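Here's the structure, in structure tokens; my notes come after.
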Amino acid sequence: MQYTSLNSLNPPQQRAVKYIDGPMLVLAGAGSGKTRVITEKIAYLVGQCGYAPNKIVAVTFTNKAAQEMRHRLSNALGKQARGVGISTFHTLGLQILRRDLAMFDLNSGFSIFDAEDSLGLLKELAMHERGDEVDIVKTCQYLISDWKNELLRPTDVHKLASNPIEVQAAALFERYQRSLAAYNAVDFDDLIYRPVLALRDNPELLEKWQSRVHYLLVDEYQDTNTSQYELVQLLTASRQMLTVVGDDDQSIYAWRGARPENLGKLQEDYRKLELVKLEQNYRSTPTILNAANQLIANNPHVFEKQLWSSLAPGEPIRIECRTDDQDEVDYIVDSILDRRLRSRADLSDFAVLYRGNFQARLLEMRLQADQLPYRISGGTSFFARNEIKDVMAYLRLLVNPDDDSAFLRVVNVPRRGIGAQTLETVAAYAKNRDCGLLSACSEMGLYTQLSGKAAQSVRGFSDWLLAKQRYLAESPMAAVRELLADIGYEDWLLQNSSTPAAAEKRWANVQFLLGNIEKDLKDRDDEVEDTDQAIEAVIGKLVLRDMLERQENDEEMDQIQLLTLHAAKGLEFRHVYMMGVEERILPHHNSIDEGNIDEERRLAYVGITRAQETLTMVYTRKRKQHGHVINCEPSRFLDELPADCIHWPQRNAASPEANQQRGEQTLSGLKALFD
DNA sequence: ATCCAACTAATTTTT
DNA sequence: TTAGTTGGAT
């Protein structure tokens with residue numbers, strides 16, 4: 001294998017790729033080619049250093065990033081890329097759990113609860129005893145999640161809990177974990193939490209995984225939380241062979257447990273840590289980079305970094321003041337249309353970035369009125385769709401009869417006349433017998449407590465499901481298709497959708513899901529794996545939204561991109577518009593109150609560094625909020641930008657309020673004269 | 001079981 | 001303002 005591509009790397013990049021003697025931290029500024037460095041390094045490890053592909057593991061946060069890396073690696077490495085373990089933290093954790101089911105008290109086919117399932121379970125546990133309010137339970141859910149990310153066990157938390165809600169959450173935590181175990185289930189956090197706890201106090205298990213991971217690479221390291229970092233540390237403890245890539249200036253997820261200080265902590269934990277900074281940016285004009293540098297210089301830094309670019313200077317950053325939110329949207333759209341003609345850009349070269357999703361609403365209305373195609377970030381993801389959750393719940397239940405969450409979702413889809421009363425009875429019986437709801441349904445004893453009609457429905461449901469379960473083992477796809485046909489799911493969608501067209505789309509979503517499952521099952525057939533467990537593995541992966549083939553260009557490709565600043569991380573666009581660059585929005589008012597302006601500044605930094613050619617920042621004087629008009633002030637971040645990089649015509653222009661005030665003053669002055 | 005009215009809360013979001 | 005949720009009524 002030839003490594004001509006190494007020559008096209010700049011010197012720091014080459015150093016990052018070629019240093020393989022010990023732990024290394026790559027500080028990769030925005031647009032400095034970090035993904036390229038990671039993939040080249042893997043190729044180098046395999047091609048030049050004799051590492052077996054399957055002894056290398058690369059971890060990312062999202063499936064999208066993992067896919068991208070896999071794709072790029074197969075370009076660099078060809079067939080050998082297949083052996084390299086590229087996965088998300090959660091998938092890696094899943095593998096650890098799956099490898100030693102017994103150690104984790106799990107049975108094959110165990111379920112993975114998503115946030116919704118987990119909230120449902122917590123509600124069940126908390127509200128049963130006391131009529132607690134939903135938002136209290138939600139707070140508990142967050143607390144428990146935080147604790148898991150900090151690797152605290154229920155016993156640790158009992159001592160720690162300081163206020164009443166924490167005490168309650170701590171009590172819930174313990175019962176919650178027990179329930180999950182009873183359901184043969186884990187939640188998302190458990191996928192990392194439980195493996196780490198086990199690796200921590202089980203030397204044999206640790207050694208086993210250390211010998212599986214000879215070299216570890218971690219992407220977006222600034223986003224790791226405590227448990228993820230601990231996993232990294234454990235896996236690399238013996239060999240100390242790791243490369244982590246990150247950028248403290250792009251840490252924008254502290255609010256969900258990320259610990260950017262993990263970057264600095266590496267220097268303490270790996271004494272021989274080698275450091276490389278990637279400061280050459282290949283994305284943006286020097287004007288944009290200077291502004292970004294200057295802005296972020298206001299944040300404290302462990303590692304200093306100066307991005308530079310060898311491109312032509314480029315246009316100044318345009319800062320626009322508009323009278324209100326409608327005017328803001330009109331300006332942006334008009335400006336995009338104008339620029340599209342003048343610089344012969346496609347609509348997809350334009351991105352509008354904002355702090356909160358609500359800001360996209362007006363923009364969407366205007367774009368729709370103008371019939372301009374756009375793509376909006378967020379929205380209900382594929383797996384949040386009801387039809388997908390329904391089918392997934394059926395699959396989960398088939399594979400794991402103890403999954404009560406799935407049972408409850410599915411029991412009346414379609415309506416089977418099994419009401420709340422009946423379910424109460426089943427649940428009570430199941431609790432008594434210490435078994436899952438579905439198992440309870442096949443016990444004779446239950447039917448002494450149910451009336452004829454209810455008993456018949458429940459019986460029918462459970463017998464039918466058990467038959468499908470048997471069928472699933474011999475012919476998974478046929479079983480699933482038959483199941484959906486039996487319940488008349490297509491018709492059910494038709495009845496439960498607003499329009500026939502919507503129903504058709506939802507049914508198409510289901511077909512898409514089935515297609516992906518089928519494909520993944522086939523892929524598994526090629527490799528040597530237990531067919532019996534294949535469907536279980538496929539469903540487990542599906543819950544993690546892994547392996548799903550992107551449903552690409554079902555519509556137009558040339559669309560204006562509408563994104564939150566968070567969603568924009570990692571992307572780039574020729575022309576970027578940042579809207580609502582105002583106090584209380586871009587430094588968000590909650591962050592102002594809590595005093596963490598730094599993360600908001602990083603958010604602005606991420607936004608600015610998305611732009612390749614031009615950047616326009618817009619703020620308004622007034623905007624409607626919750627139905628009321630409020631006055632706005634330009635963001636403090638605008639004042640932090642260097643004057644020679646910006647074009648700000650309306651800077652210090654008197655605001656209407658100031659004018660009005662002045663008017664009132666003269667008026668009162670006149671009054672005083674008369675008095 | 002289903003539907004409607006009233007009430008509430010309103011950053012960011014992946015797995 | 002609006003969307004989503006909850007509780008009550010039919």
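Bear in mind the structure is a predicted one, so any value in this text is a computation, not a measurement. Below, chain A is the first sequence line, B the second, and so on; all start at residue 1.
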State whether [X] and [Y] are salt-bridged, where the test is any N-O pair (Lys NZ or Arg NE/NH1/NH2 against Asp/Glu carboxylate O) under 4.0 Å.
{"X": "K569(A)", "Y": "D223(A)", "value": "yes"}
{"X": "K622(A)", "Y": "D324(A)", "value": "no"}
{"X": "D325(A)", "Y": "K624(A)", "value": "no"}

Exercise. Determine, for nucleotides 9-15 of chain B in 5'-to-3' order, which nucleotides have protein heavy atoms under 4.0 Å from the base (write B), from only the sugar-phosphate (write S), or from neither (write -).
Key: -BBBBBB
Exercise. State which residue, out of R366(A), Q561(A), Q368(A), fulfils the side-chain hydrogen bond (donor to acceptor under 3.5 Å, both in side chains) condition with Y374(A).
Key: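 The single option meeting the side-chain hydrogen bond (donor to acceptor under 3.5 Å, both in side chains) with Y374(A) is Q368(A).
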Quiz prompt | C1' spacing across the pair dT12(B) / dT5(C), given as an integer number of angstrom | solution =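 Going atom to atom, C1' in each nucleotide, I get 22 Å.
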Quiz prompt | Same-atom distance (C1') from dT6(C) to dT11(B), integer angstrom | solution =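 My reading of the C1' atoms in dT6(C) and dT11(B) gives 24 Å.
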Self-check item: side chain to side chain contact (heavy atoms under 4.5 Å, CB included) evaluation trace for W492(A) with I487(A)
Solution: CA-CA 8 Å; W492(A) 193 85; I487(A) 63 176; over 6 Å; no
What is the distance, rounded to the nearest whole Å, between atom [atom1] of [X] and atom [atom2] of [N]?
{"X": "Q359(A)", "N": "dT2(C)", "atom1": "CD", "atom2": "C1'", "result": "16 Å"}
{"X": "E116(A)", "N": "dG4(C)", "atom1": "CD", "atom2": "P", "result": "13 Å"}
{"X": "Q495(A)", "N": "dT2(B)", "atom1": "CD", "atom2": "C1'", "result": "14 Å"}

Exercise. Flag this pair as yes if the NZ/CZ of R602(A) is under 6.0 angstrom from the six-membered ring centre of Y605(A) and inside a 45 degree cone about the axis; otherwise no.
Key: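 That pair does not qualify as a cation-pi contact.
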